[in-house]
Engineer: 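Got a structure for you, questions after.
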Protein chains: 2
Amino acid sequence: MGIAERKEREKERRRLDIINAAEEVFFSKGFENSTMDDVAEQAELSKGTLYLYFKSKDELFLEIIYRGNNILHNLFQKASEREGDGLCKVRAIGEAFVEFSIKYPNYYNAFLHNQTQEICLEKMGEAEEKIFSLKERNMQIFIDVIKGGIEDGSLEPELDPVKTALTLWAEATGVLLLAKLKGKLISKGFNISEEEFINHFFEFTWRALKA
Amino acid sequence: MGIAERKEREKERRRLDIINAAEEVFFSKGFENSTMDDVAEQAELSKGTLYLYFKSKDELFLEIIYRGNNILHNLFQKASEREGDGLCKVRAIGEAFVEFSIKYPNYYNAFLHNQTQEICLEKMGEAEEKIFSLKERNMQIFIDVIKGGIEDGSLEPELDPVKTALTLWAEATGVLLLAKLKGKLISKGFNISEEEFINHFFEFTWRALKA
DNA sequence: TTTAGAGATGACTGATAGTCAGTAAATGAA
DNA sequence: TTCATTTACTGACTATCAGTCATCTCTAAA
């Protein structure tokens, strides 16, 4: 049955084409300002067809958020394999986060949008599940690195690895959010560059982390 | 000219009535799920009238965000006047933030919504300016408390008060955001309560702040 | 060649933010 | 008191857009 397989491939191909078209449109006009007609035109398909492949505009955006989380996951993975003690690795993960925000600003915006959205365990769709499990894996990498750091003596032994990982994750999100959204205001009002601000966060955090 | 003054008062009164109606509706149905027709009905006015007093649905929401920021400002003010050294006062401000999130969950949601919204220095309306200046005043309280703590020797003297205030502000927003939005997930996935999580953030932060 | 069904279409529906021509009421000058 | 003017208000209307569905088209198996 070569035909069924070819059709399956074509369907998957079309799915990807639609996500690519959506990414193009959302990244250039912003999610809120983009219409499904824009996406349909970009994909050279009718609007109805989009809804054969995706339940809603939001679900389409979730696919893009998934891509972003995937990139971040790879960066985290690489950072956690960096040579050195636990403290070095935590720093590497922090730097990976910053690298992500600089190298992939569009994916990063999508990531933040999703990060600041309420989620319900009950009504999570397939797309949301995929993202959620990726985030869990990211958190696990982080927890393991912190555990390693406590064991090798580079991190304060009193710290609880899970709570500390969650706290650092939340803090980093908050700091990057402020840097991203209010960066210009900070520069203007307090005469501090985005970079200086992020560096201060790192230094401040090491004071608490170090053994 | 008593008439002009009376009319001025009536106009202000109507403005407040509309904001109150909007607050009622937005808090009970959520901002996104509320329509301007809902607000008009609650205010016992026609929709057109709402637009004589406010430019848009968003501007109406900004008024509610302003109220929230005002409450937070008062809590900060009170906390900064607490007896004790700088470290105590920083803790009091942190606790004020948590108190705000618990006592005024609706205002707090509105606050977070606004906090995670991009702002442009150029196209800030009057309502946004008002909120912005309130936030600046809050930040100033925070900076002064940290300065005091460095002077009285309760905080690490190497810290830069402005950068530290910004960092703590950003971190606290991130932590409360995660606690609020993903609280149930954290409890379920990692077996940590919202309260435990916030307490850990406090303890972790003191390690970096203390002299 | 016929036909079943998968895939694609785009006109349509419903919801809702925002507008505007028209109405009613209050004001003040004659 | 009368009437013109200003002010406040109204709600039907428009524009926009997510999402639907009756219909069409094309393919491949019989």
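These numbers were taken from a predicted model, which means no experiment stands behind them.
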Engineer: Could you check how far CE of B:Met36 sits from C1' of D:dC13, rounded to whole Å?
Structural biologist: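 The answer, rounded to whole Å, is 17 Å.
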Engineer: Tell me whether the OP1 or OP2 atom of D:dC9 has a side-chain N or O from B:Tyr53 closer than 4.0 Å.
Structural biologist: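 Yes, such a contact exists.
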Engineer: Determine whether any donor atom in the side chain of A:Lys55 lies under 3.5 Å from an acceptor atom in the base of D:dG19, or the reverse, and answer yes or no.
Structural biologist: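 Not at all, since no donor on one side and acceptor on the other fall under 3.5 Å apart.
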Engineer: Taking OH from A:Tyr51 and C1' from C:dA6, how many angstroms apart are they, rounded to a whole number?
Structural biologist: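 From A:Tyr51 OH to C:dA6 C1': 21 Å.
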Engineer: Between A:Arg14 and C:dA8, does any side-chain N or O lie under 4.0 Å from OP1 or OP2?
Structural biologist: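 Looking at the OP1 and OP2 atoms of C:dA8, one of them is under 4.0 Å from a side-chain N or O of A:Arg14.
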Engineer: Expressed as a whole number of angstroms, how long is the span from B:Glu44:CD to D:dC9:P?
Structural biologist: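 Rounding to the nearest Å, CD of B:Glu44 and P of D:dC9 are 14 Å apart.
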Engineer: Rounding to an integer number of Å, can you tell me how far A:Phe31 CZ sits from D:dC17 P?
Structural biologist: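 For the pair A:Phe31 CZ and D:dC17 P, the rounded distance is 13 Å.
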Engineer: So for atom CD, which belongs to A:Glu10, do other residues, nucleotides or ligands contribute more than 12 heavy atoms lying within a distance under 6.0 Å?
Structural biologist: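 Enclosed.
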Engineer: Going by an N to O cut-off under 4.0 Å, is there a salt bridge joining A:Lys180 and A:Glu194?
Structural biologist: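 Not counted as a salt bridge, because no side-chain N and carboxylate O are separated by less than 4.0 Å.
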Engineer: Using whole Å, report how far CD of A:Glu41 lies from P of C:dG10.
Structural biologist: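 In whole Å, C:dG10 P lies 12 Å from A:Glu41 CD.
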Engineer: Taking CG from A:Leu50 and P from C:dG10, how many angstroms apart are they, rounded to a whole number?
Structural biologist: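 In whole Å, C:dG10 P and A:Leu50 CG are 12 Å from each other.
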Engineer: Calculate the interatomic distance between A:Arg15 atom CZ and C:dG7 atom P; express it in whole Å.
Structural biologist: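 Rounded to whole Å, this separation is 14 Å.
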Engineer: Does any donor-acceptor pair link the side chain of B:Lys11 with the base of D:dA8 at a separation under 3.5 Å?
Structural biologist: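 No pair found.
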Engineer: Looking at the base of D:dG19, is there any donor atom on it, or on the side chain of A:Lys57, that sits under 3.5 Å from an acceptor on the other one?
Structural biologist: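 By the distance-only test, no, there is no pair.
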Engineer: Where each residue is assigned the nucleotide of DNA chain D containing its nearest heavy atom, which of A:Thr35 and A:Gly48 is assigned the position nearer the 5′ end?
Structural biologist: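 Result of the comparison: A:Thr35.
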Engineer: Which part of the nucleic acid, if any, lies within reach of B:Leu45 when heavy atoms closer than 4.0 Å are counted: base, sugar-phosphate only, or nothing?
Structural biologist: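 Sugar-phosphate contact only - B:Leu45 comes under 4.0 Å of backbone atoms but never of a base.
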Engineer: Please name the pair of heavy atoms, one in A:Leu62 and one in A:Ile131, separated by the smallest distance, quoted to 0.1 Å.
Structural biologist: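 It is O-CD1, 3.3 Å.
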Engineer: Would B:Tyr107 and B:Phe100 count as a close aromatic pair, with their ring centres under 6.0 Å?
Structural biologist: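 For B:Tyr107 and B:Phe100, the ring centres are not under 6.0 Å apart.
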Engineer: With distance as the sole criterion, is a donor-acceptor pair present between the side chains of B:Thr167 and B:Thr164 under 3.5 Å?
Structural biologist: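 Short answer, no.
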Engineer: Starting from C1' on C:dT16, measure out to NZ on B:Lys47 and report it in whole angstrom.
Structural biologist: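 For the pair B:Lys47 NZ and C:dT16 C1', the rounded distance is 6 Å.
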Engineer: Between C:dT9 and A:Thr49, is there an OP1 or OP2 to side-chain N/O distance shorter than 4.0 Å?
Structural biologist: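 Yes, within the criterion.
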